[in-house]
A.B. asks: 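Provided herewith is a single structure, encoded as structure tokens, for subsequent inquiry.
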Amino acid sequence: MPIIAPSMLSADFLNLGRDIEMVNNSEADWFHLDVMDGRFVPNISYGMPIIAQMKKMATKTMDVHLMIVEPEKYFEDFKKAGADILTVHYEASTHLHRSLQAIKALGMKAGVSLNPHTPVHLLEDIIADIDLVLIMSVNPGFGGQKFIQQALTKISKLKAMITASGSNALIEVDGGVTLDNAPALVAAGADALVAGNTVFSSPDPADTIKKLKQAGK
Ligand code: DX5
Ligand code: ZN
């Protein structure tokens, strides 16, 4: 069964406590938390203070996705805010190897995210050092966008690379994940599915999470 990570970007921020409780009580595994700086992506979301507040109530893994330039400046701050997994973008990291070591030295799992145009083979020489690869299946910056089909091919290629290398890296997919495409994503090799709009726009979010969890079964 895939790991399900509801994206809190689509939560109702006037009722954030209620939505966190819903995730706590659901079959979801992680909280997916999107940090945007208006520079790496054309949108600004939330940062450490909100994550620190959420952490007080959240009972599940805090999966933090940094869509920011110079992410390395803030690793310690996100650790303090409560991040368990910290993912940086390949495209925002000049010294990716150093960044991954720094994240792990702080006691977090280290993730790398790839934009839709970035080929998976660029991770070939660093895959052994990665705990999680986040494949973007939309252009990062906004929730509720349409799934880019090529992501499916990228998942298969990445899965083959991970298997061949003996790496333990998990594959997470982010953007446009629905109940319809989830089974194909799991079949291609995805270990974790992020879902924002699909969960929070549904009439029964907890039931939608339950259904996503069944994908590929
Ligand atoms: C987009 C974010 C996603 C987003 C996914 O930049 O990284 O996590 O919240 O939202 P949906 O599932 O609605 O595409
Ligand atoms: Zn994300």
Side-chain angles (χ1 to χ4, degrees), residues 2-13 16 19-20 22-23 26 28-47 50-51 54 58 60-69 71 74 78 81 83-93 108-118 131-152 154-155 170-186 190-203 205 208-209 211-213 215:
I3 290 163
I4 304 301
S7 171
M8 302 310 284
L9 192 64
S10 295
D12 176 356
F13 275 72
L16 193 52
D19 284 356
I20 292 170
M22 182 281 292
V23 175
S26 76
D29 303 273
W30 298 349
F31 285 86
H32 185 79
L33 305 165
D34 290 299
V35 179
M36 306 178 184
D37 65 353
R39 293 186 64 207
F40 181 70
V41 289
N43 195 10
I44 299 177
S45 59
Y46 51 80
I50 300 280
I51 293 176
M54 292 168 93
K60 297 178 176 179
T61 297
M62 303 290 268
D63 171 34
V64 177
H65 176 194
L66 297 182
M67 285 160 275
I68 65 175
V69 298
Y74 307 100
F78 282 105
D84 298 299
I85 303 170
L86 199 58
T87 296
V88 296
H89 263 266
Y90 176 88
E91 302 83 5
S93 305
M108 296 176 284
K109 297 276 186 204
V112 178
S113 183
L114 300 181
N115 274 339
H117 73 276
T118 305
D131 295 312
L132 176 142
V133 180
L134 179 56
I135 297 285
M136 287 310 302
S137 39
V138 298
N139 284 297
F142 304 92
Q145 301 181 81
K146 192 174 172 290
F147 182 83
I148 297 171
Q149 278 302 328
Q150 178 64 12
L152 210 50
K154 288 175 75 172
I155 295 166
L170 295 176
I171 302 176
E172 185 175 25
V173 193
D174 187 7
V177 172
T178 64
L179 288 172
D180 287 336
N181 62 23
L185 297 171
V186 174
D191 302 292
L193 305 176
V194 176
N197 191 57
T198 290
V199 168
F200 288 99
S201 296
S202 76
T208 302
I209 290 168
K211 286 181 178 140
L212 281 168
K213 194 82 193 158

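Note that ligands are numbered from 1 as they come in the structure, with each ligand's atoms numbered from 1 the same way. Keep in mind that what you see is a predicted model, and the values were worked out from it rather than measured.
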A.B. asks: May I ask which of F147, F200, F142 has a heavy atom nearer to atom 1 (C) of ligand 1 than the others do?
C.D. replies: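 Answer by nearest heavy atom: F142.
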
A.B. asks: Using a 4.5 Å cut-off on heavy atoms from C-beta on, say whether the side chain of M67 contacts that of N43.
C.D. replies: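 No, side chains not in contact.
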
A.B. asks: Starting from atom 14 (O) of ligand 1, find the nearest protein heavy-atom neighbour and note its residue, name and distance.
C.D. replies: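 For atom 14 (O) of ligand 1, the nearest protein heavy atom is G176 N, 2.8 Å.
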
A.B. asks: At less than 4.0 angstrom from any non-hydrogen atom of M67, what atoms of ligand 1 do you find?
C.D. replies: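 Here the atoms of ligand 1 in question are 6 (O), 7 (O).
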
A.B. asks: With a 4.0 Å cut-off on N to O distance, would you call K109 and D63 a salt bridge?
C.D. replies: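 Looking at K109 and D63, the cut-off is not met.
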
A.B. asks: Closer than 4.0 Å to some heavy atom of M136 - which atoms of ligand 1 meet that?
C.D. replies: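 Those of ligand 1 that fall under 4.0 Å from M136 are 7 (O).
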
A.B. asks: For atom 6 (O) of ligand 1, which protein heavy atom lies nearest, and how many Å away is it?
C.D. replies: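 For atom 6 (O) of ligand 1, the nearest protein heavy atom comes out as G141 N, 2.7 Å.
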
A.B. asks: Could you check V194, I155, D191 and say which one makes a side chain to side chain contact (heavy atoms under 4.5 Å, CB included) with V173?
C.D. replies: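 The passing option is I155.
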
A.B. asks: Looking at G143, which atoms of ligand 1 are within less than 4.0 Å of one of its heavy atoms?
C.D. replies: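 Checking each atom against G143, I get 10 (O), 13 (O).
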
A.B. asks: In terms of atom number and element, which parts of ligand 1 are under 4.0 angstrom from non-hydrogen atoms of D174?
C.D. replies: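 Checking each atom against D174, I get 2 (C), 3 (C), 4 (C), 5 (C), 7 (O), 8 (O).
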
A.B. asks: Which residue in the set L66, I44, I68 passes side chain to side chain contact (heavy atoms under 4.5 Å, CB included) when paired with D37?
C.D. replies: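 Per the side chain to side chain contact (heavy atoms under 4.5 Å, CB included) rule, the option paired with D37 is I68, out of L66, I44, I68.
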
A.B. asks: With heavy-atom distances below 4.5 Å as the criterion, would you say the side chains of V23 and F200 are in contact?
C.D. replies: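 They are in side-chain contact.
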
A.B. asks: What atoms in ligand 1 come closer than 4.0 Å to a heavy atom of G175?
C.D. replies: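 Selected atoms, number and element: 14 (O).
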
A.B. asks: Would you check whether V177 has a nitrogen or oxygen atom less than 3.5 angstrom from a nitrogen or oxygen atom of ligand 1?
C.D. replies: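 No, since none of the N or O atoms of V177 sits under 3.5 Å from an N or O of ligand 1.
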
A.B. asks: Check whether any N or O atom of N197, backbone or side chain, sits under 3.5 Å from an N or O atom of ligand 1, and answer yes or no.
C.D. replies: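 Yes, at least one N or O pair falls under 3.5 Å.
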
A.B. asks: Is any N or O atom of N139, backbone or side chain, closer than 3.5 Å to an N or O atom of ligand 1?
C.D. replies: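 Among all N and O atoms of N139, none is under 3.5 Å from an N or O of ligand 1.
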
A.B. asks: So N115 and F40, do their side chains get closer than 4.5 Å, heavy atoms only?
C.D. replies: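 Yes - at least one pair of side-chain heavy atoms lies under 4.5 Å apart.
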
A.B. asks: When the ring planes of H65 and H89 are compared, do they come out parallel, tilted or perpendicular, using 30° and 60° as the limits?
C.D. replies: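 Plane angle under 30°, so parallel.
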
A.B. asks: Which pair of heavy atoms, one from V35 and one from V64, lies closest together, and at what distance?
C.D. replies: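 In terms of heavy atoms, the two residues are closest at CG2-CG1, 4.0 Å.
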
A.B. asks: Please test I85 against D131 for side-chain contact (heavy atoms from CB on, under 4.5 Å), starting from the C-alpha separation and ending with a verdict.
C.D. replies: CA-CA 9 Å; I85 303 170; D131 295 312; over 6 Å; no

A.B. asks: Would you mind listing which atoms of ligand 1 come within a distance below 4.0 Å of any non-hydrogen atom of L9?
C.D. replies: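 By the 4.0 Å cutoff, the relevant atoms are 9 (O).
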
A.B. asks: Counting both backbone and side chain atoms, is some N or O of P140 under 3.5 Å from an N or O of ligand 1?
C.D. replies: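 No, there is no polar N/O contact under 3.5 Å.
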
A.B. asks: Just distances here: any N/O of G196 and N/O of ligand 1 closer than 3.5 Å?
C.D. replies: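 Yes, G196 has an N/O under 3.5 Å of an N/O on ligand 1.
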
A.B. asks: A195 heavy atoms, cut-off 4.0 Å: which ligand 1 atoms fall inside?
C.D. replies: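 Matching atoms, with element in brackets: 12 (O).
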
A.B. asks: Check this for me - ligand 1, G144, N or O atoms closer than 3.5 angstrom, yes or no?
C.D. replies: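 So ligand 1 has an N or O lying under 3.5 Å from an N or O of G144.
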
A.B. asks: Below 3.5 Å, N or O to N or O, backbone or side chain included: is there any such pair between D34 and ligand 1?
C.D. replies: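 For ligand 1, there is an N or O atom that lies under 3.5 Å from one belonging to D34.
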
A.B. asks: Please list, in number order, the atoms of ligand 1 under 4.0 Å from a heavy atom of M36.
C.D. replies: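 Here the atoms of ligand 1 in question are 6 (O).
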
A.B. asks: Tell me, do S10 and V199 make a side-chain contact under 4.5 Å, heavy atoms counted?
C.D. replies: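 Side chain of S10 against side chain of V199, heavy atoms only: no contact under 4.5 Å found.
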
A.B. asks: Taking atom OH of Y90 as the centre, does the number of heavy atoms from other residues, nucleotides or ligands within less than 6.0 Å exceed 12?
C.D. replies: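 Open.
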
A.B. asks: Donor-acceptor pair, T87 side chain versus S113 backbone, under 3.5 Å?
C.D. replies: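 Judged by distance alone, no pair lies under 3.5 Å.
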
A.B. asks: I need the OD1(D34)-the Zn ion (ligand 2)-ND1(H65) angle, rounded to 10 degrees.
C.D. replies: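 Reported to 10°, the angle equals 90°.
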
